[in-house]
Amino acid sequence: MAQELEPAAMAAASGGAPVPPATETAASWSSLPSDLVRRIADCFLDTNDVDWYMDLRAVCHSWRSATDDPWKNPFDGRFHPREWIILDDRVSQTDDRRVFVNTGTGRFLRKKLPLLRRYYVVAITFGGFFVLADRSPPHAARVLNPFTGELVRFAAPVPRDAGVAVFFFSGDTPHNLTLLCDSSRKYYTAVPDSKHFDAQSLDEFIYNYMRKAVVGGVYANGGGWASVVCSTMLDNLCELTEMLQVEFVKFFSGDPFRHTSDIRCFLVDFGGQAMFITKAPGRVGVLGIEPENQKLVPMETIGKYAIFIGHHRCLVLDAGKFPSVEANCVYYTLQIGRFAGIGKHNIGDGTDDRVCDTLDFVEQNKEFVLDTARPFTIIQVLCSYTINLRGSELA
């Protein structure tokens with residue numbers, strides 16, 4: 001009893017009001033109505049802030065009882081990372097921290113993931129799943145949800161040259177893992193019980209085309225992927241490459257250092273629909289698919305969104321959530337020898353401008369790194385994400 005009264009006695013002696021024990025404050029929070037707790041939790045899920053949802057559930061037993069447990073239904077898409085990119089995925093193997101950015105809200109999150117110390121990081125999917133491999137042979141595959149901590153274990157070992165991945169849920173095969181390997185132009189698929197990954201070889205164009213669909217999130221969206229592999233769409237792409245006087249292989253190349261003509265095309269998921277972003281010398285194109293005849297048509301506006309296109313990735317985000325980023329614009333990296341700058345294309349009036357008079361990146365070991373002599377802007381950081389793509393630690 002004396003120990004319980006001591007804080008109040010000290011407060012009274014200093015002239016302050018008695019401080020109630022912390023347990024009373026906690027008890028009042030735990031008595032919040034269940035429907036109110038659920039509404040708050042649903043707000044976090046609406047913005048894909050799953051880490052905040054998990055923090056809310058950790059407060060007390062009554063809040064956990066009022067909300068759904070992600071571990072009881074791991075197939076529930078509300079608990080999957082969707083809106084996130086990982087900026088520092090090129091850090092050393094000994095670093096277990098990553099910087100996440102929510103492209104829908106502009107929120108930056110530096111999160112510690114101790115589990116990464118026990119595995120090789122093979123790839124990070126569109127949205128934010130981590131594809132891992134056991135450090136011990138035969139290097140079985142694992143897929144980590146970084147926000148819930150759920151780890152899906154696969155029996156099959158990871159192919160050594162895997163570098164791009166997609167993890168999705170479809171019908172009776174809820175855990176589908178697809179890996180792409182640039183050196184062999186193969187794609188591998190497996191489910192948790194598979195003894196090995198099934199491999200299929202593809203010709204260069206089809207492989208690069210599929211790779212861009214995976215990186216842009218279109219492959220994981222069943223409807224979006226179906227729309228970009230139909231024969232009508234391929235005919236449209238033939239017409240587009242002829243108009244731009246570009247070879248198919250160069251247009252979808254997965255190795256921009258092999259083709260120095262600064263020609264790029266990306267497929268991205270935009271509200272459940274596939275969108276094509278093209279970058280050719282002197283022109284930037286944003287094309288959507290007409291639902292009726294599956295024709296590629298120029299988009300007059302993308303509304304409040306902005307697009308970032310680099311050598312390896314393309315990113316669509318809500319411009320209003322990121323200071324200095326302008327809506328209805330495409331930001332692109334422009335290679336000049338061993339250096340690269342940043343340009344901006346306004347979709348509304350068709351004009352192009354340099355974001356900065358100086359060159360922002362320099363090539364080092366087949367990667368472009370930012371100039372470390374000055375602070376980085378948000379635009380530079382986002383362009384850095386698109387211009388590089390980290391390889392597998394297992395390779």
Side-chain angles (χ1 to χ4, degrees), residues 48 82-85 103-104 125-127 164 166 168 205-206 208-241 243-244 246 248 251-254 256 263-280 283-322 325-333 343-350 352 382-383 385-387 389:
N48 204 221
R82 300 187 310 272
E83 307 282 346
W84 297 88
I85 61 173
T103 58
T125 71
F126 179 88
V164 178
V166 60
F168 61 96
F205 165 70
I206 295 298
N208 289 338
Y209 187 54
M210 181 178 181
R211 187 184 191 278
K212 291 296 177 71
V214 167
V215 172
V218 177
Y219 185 88
N221 172 14
W225 176 241
S227 68
V228 299
V229 295
C230 66
S231 58
T232 304
M233 181 53 54
L234 296 178
D235 290 341
N236 287 332
L237 290 173
C238 287
E239 296 177 5
L240 180 61
T241 53
M243 180 183 70
L244 296 176
V246 177
F248 251 16
F251 206 39
F252 292 97
S253 173
I263 296 168
R264 285 164 267 165
C265 182
F266 284 88
L267 291 77
V268 296
D269 180 72
F270 187 67
Q273 300 296 323
M275 182 168 62
F276 288 77
I277 318 297
T278 64
K279 172 69 178 71
R283 67 175 74 184
V284 176
V286 181
L287 304 103
I289 303 174
E290 270 191 348
E292 295 182 359
N293 54 19
Q294 293 292 293
K295 286 285 187 180
L296 278 175
V297 295
M299 297 183 66
E300 297 180 355
T301 180
I302 56 173
K304 66 178 182 178
Y305 295 96
I307 298 170
F308 285 75
I309 180 171
H311 286 55
H312 286 283
R313 290 189 277 209
C314 187
L315 171 66
V316 182
L317 52 78
D318 187 337
K321 307 298 184 180
F322 294 86
V325 177
E326 295 184 28
N328 205 35
C329 288
V330 179
Y331 293 84
Y332 56 90
T333 53
K344 181 185 69 175
H345 174 79
N346 189 302
I347 298 174
D349 59 22
D352 284 77
L382 294 173
C383 284
Y385 168 81
T386 65
I387 202 172
L389 183 62

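FYI, the numbering just counts along the sequence from 1. Source: prediction; values computed, not measured.
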Next item on the list: Dump the intermediate steps for side-chain contact (heavy atoms from CB on, under 4.5 Å) on V316 and M275, then the final yes or no.
Entry: CA-CA 10 Å; V316 182; M275 182 168 62; 4.2 Å; yes
Notebook entry, point to check: Hey, mind stepping through Y305 and F270 against ring-ring contact (aromatic ring centres under 6.0 Å, His included) and telling me if it holds?
Noted result: CA-CA 10 Å; Y305 295 96; F270 187 67; 5.4 Å; yes
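Evaluation of the side-chain hydrogen bond (donor to acceptor under 3.5 Å, both in side chains) rule for N346 yields no partner, not counting sequence neighbours. Every side chain to side chain contact (heavy atoms under 4.5 Å, CB included) that K304 has, sequence neighbours left out, goes to D318. Residues satisfying the side chain to side chain contact (heavy atoms under 4.5 Å, CB included) criterion with V215, sequence neighbours excluded, are V164, R211, R313. Every residue two or more places apart in sequence or in another chain was checked for a ring-ring contact (aromatic ring centres under 6.0 Å, His included) with F126, and none qualifies. Residues satisfying the side-chain hydrogen bond (donor to acceptor under 3.5 Å, both in side chains) test with E290, not counting sequence neighbours, are N293. In terms of the ring-ring contact (aromatic ring centres under 6.0 Å, His included) criterion, F266 has no residue partners (sequence neighbours excluded).
Within the 4.5 Å cutoff, no side-chain heavy atoms of E300 are placed close to those of I347. Side chains of C314 and F308 form no contact here, defined as non-hydrogen atoms less than 4.5 Å apart. Using a 4.5 Å heavy-atom cutoff, the side chains of T333 and R264 are in contact. A 4.5 Å side-chain heavy-atom check between T386 and I309 finds every atom pair outside the cut-off. Contact check for I307 versus Y332: no side-chain heavy atoms found under the 4.5 Å cut-off. In this structure the side chain of H311 never reaches within 4.5 angstrom of the side chain of L389, judged on heavy atoms. Side-chain contact between Y331 and L315: absent, with no pair of heavy atoms (C-beta onward) separated by less than 4.5 Å. Taking 4.5 Å as the limit, some side-chain heavy atom of L382 sits within range of a side-chain heavy atom of L317.
Between the K344 side chain and the V330 main chain, no donor and acceptor come within less than 3.5 Å of each other. Proximity of a side-chain donor or acceptor of N328 to a complementary backbone N or O of I302 within less than 3.5 Å is detected. The backbone N or O of G127 lies less than 3.5 Å from no partner atom in the side chain of T125, so there is not a single donor-acceptor pair.
Separating the CG atom in L287 from the SG atom in C265 is a distance of 8.0 Å, to the nearest 0.5 Å.
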